[in-house]
Amino acid sequence: MKTTAIAFLAFAALLAPSPVIGREAMLGDESTGQRRLGFFDKGQEYYESLWYRCCGTDGQAGDESKNNIDWQRDDAADNGYDDTQLCKCPVRGSDSKGWSWWSSQTYFEKWEDKCAPGGSIARKAKKGNFGE
């Protein structure tokens, strides 16, 4: 009985969703401390790029998603993004919910929420009400 309970707890611990955050010492320059490993903290430049390439308002649900100039913001050219730097997201304009049967939003609606003032991309890019 104890063995079964221990095995069950060990198996449950392996399946528990928990973020794994690693840290690595900066080799060569120890004064800089540590940097995070993994996909966390991509930085403001990454989200600014998403903001200008994918948060335009000219596209509509059902439009072609990847490499569509309609997803680029109107002020992208003023901020260093030309017509060759387009949104690479394959589901940006999709009016499908995909495999997420529990979600009430389409991919298009999720992107619109993220790009709206106060949305996660706008916030991380420090755009809209959050900065420049």
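Side chains are part of it too, since the values below use all heavy atoms of this structure and drop only hydrogens, waters and symmetry mates. The model shown is predicted, which means the values in this text are computed figures rather than measured ones.
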Original post:
Between Leu86 and Asn68, is a side chain to side chain contact (heavy atoms under 4.5 Å, CB included) present by the stated rule, with each step listed?
Top reply: CA-CA 7 Å; Leu86 301 173; Asn68 186 345; over 6 Å; no
Subject >> Interatomic spacing from OG in Ser49 to CG in Asn79 - rounded to 0.5 Å >> reply: 11.5 Å
Subject >> Point-to-point distance, once rounded to the nearest 0.5 Å, from SG of Cys55 to CD of Gln72 >> reply: 11.5 Å
Subject >> Nearest atoms (heavy-atom pairs only) where Asn67 meets Lys88 >> reply: OD1-CG, 4.4 Å
Original post:
Closest approach of Ser94 and Ser65, non-hydrogen atoms and distance?
Top reply: N-OG, 3.6 Å
**OP:** State which residues pass side-chain contact (heavy atoms from CB on, under 4.5 Å) with Asp58; sequence neighbours excluded, sorted by chain then number.
**Re:** Asp70, Asp74
Subject >> Atom pair CH2/SG of Trp111 and Cys87 - distance to nearest 0.5 Å >> reply: 5.0 Å
Original post:
Can you list the residues that meet the salt bridge (charged side-chain N to carboxylate O under 4.0 Å, His left out) rule with Asp75, with sequence neighbours excluded?
Top reply: Arg73
Original post:
For Asp82, which residues count as a side chain to side chain donor-acceptor pair (under 3.5 Å) partner, sequence neighbours excluded?
Top reply: Thr84
Subject >> Value rounded to 0.5 Å, distance of OH in Tyr52 from CD1 in Ile121 >> reply: 13.5 Å
Original post:
Taking all atoms of both residues into account, what is the closest heavy-atom pair of Lys97 and Gln105, and its distance?
Top reply: CG-O, 3.6 Å
**OP:** Could you tell me which residues satisfy side-chain contact (heavy atoms from CB on, under 4.5 Å) with Lys124, sequence neighbours excluded, listed by chain and number?
**Re:** Tyr47
Subject >> Test item: Gln85 side-chain N/O and Arg53 main-chain N/O as donor-acceptor pair under 3.5 Å >> reply: no
Original post:
What residues, two or more places apart in sequence or in another chain, satisfy side-chain contact (heavy atoms from CB on, under 4.5 Å) together with Ala77?
Top reply: none
**OP:** Under the side chain to side chain donor-acceptor pair (under 3.5 Å) rule, collect the residues that match up with Asp63, sequence neighbours excluded.
**Re:** none
Subject >> Nearest heavy-atom neighbours spanning Cys54 and Cys115 >> reply: O-SG, 4.0 Å
Original post:
What distance separates Trp71 CH2 from Gln60 CD, expressed to the nearest 0.5 Å?
Top reply: 7.0 Å
Original post:
What's the shortest heavy-atom distance between Ala122 and Pro117, and which atoms?
Top reply: CB-CA, 4.5 Å
Original post:
Do you know which of Glu109, Glu64, Glu112 makes salt bridge (charged side-chain N to carboxylate O under 4.0 Å, His left out) with Arg92?
Top reply: Glu112
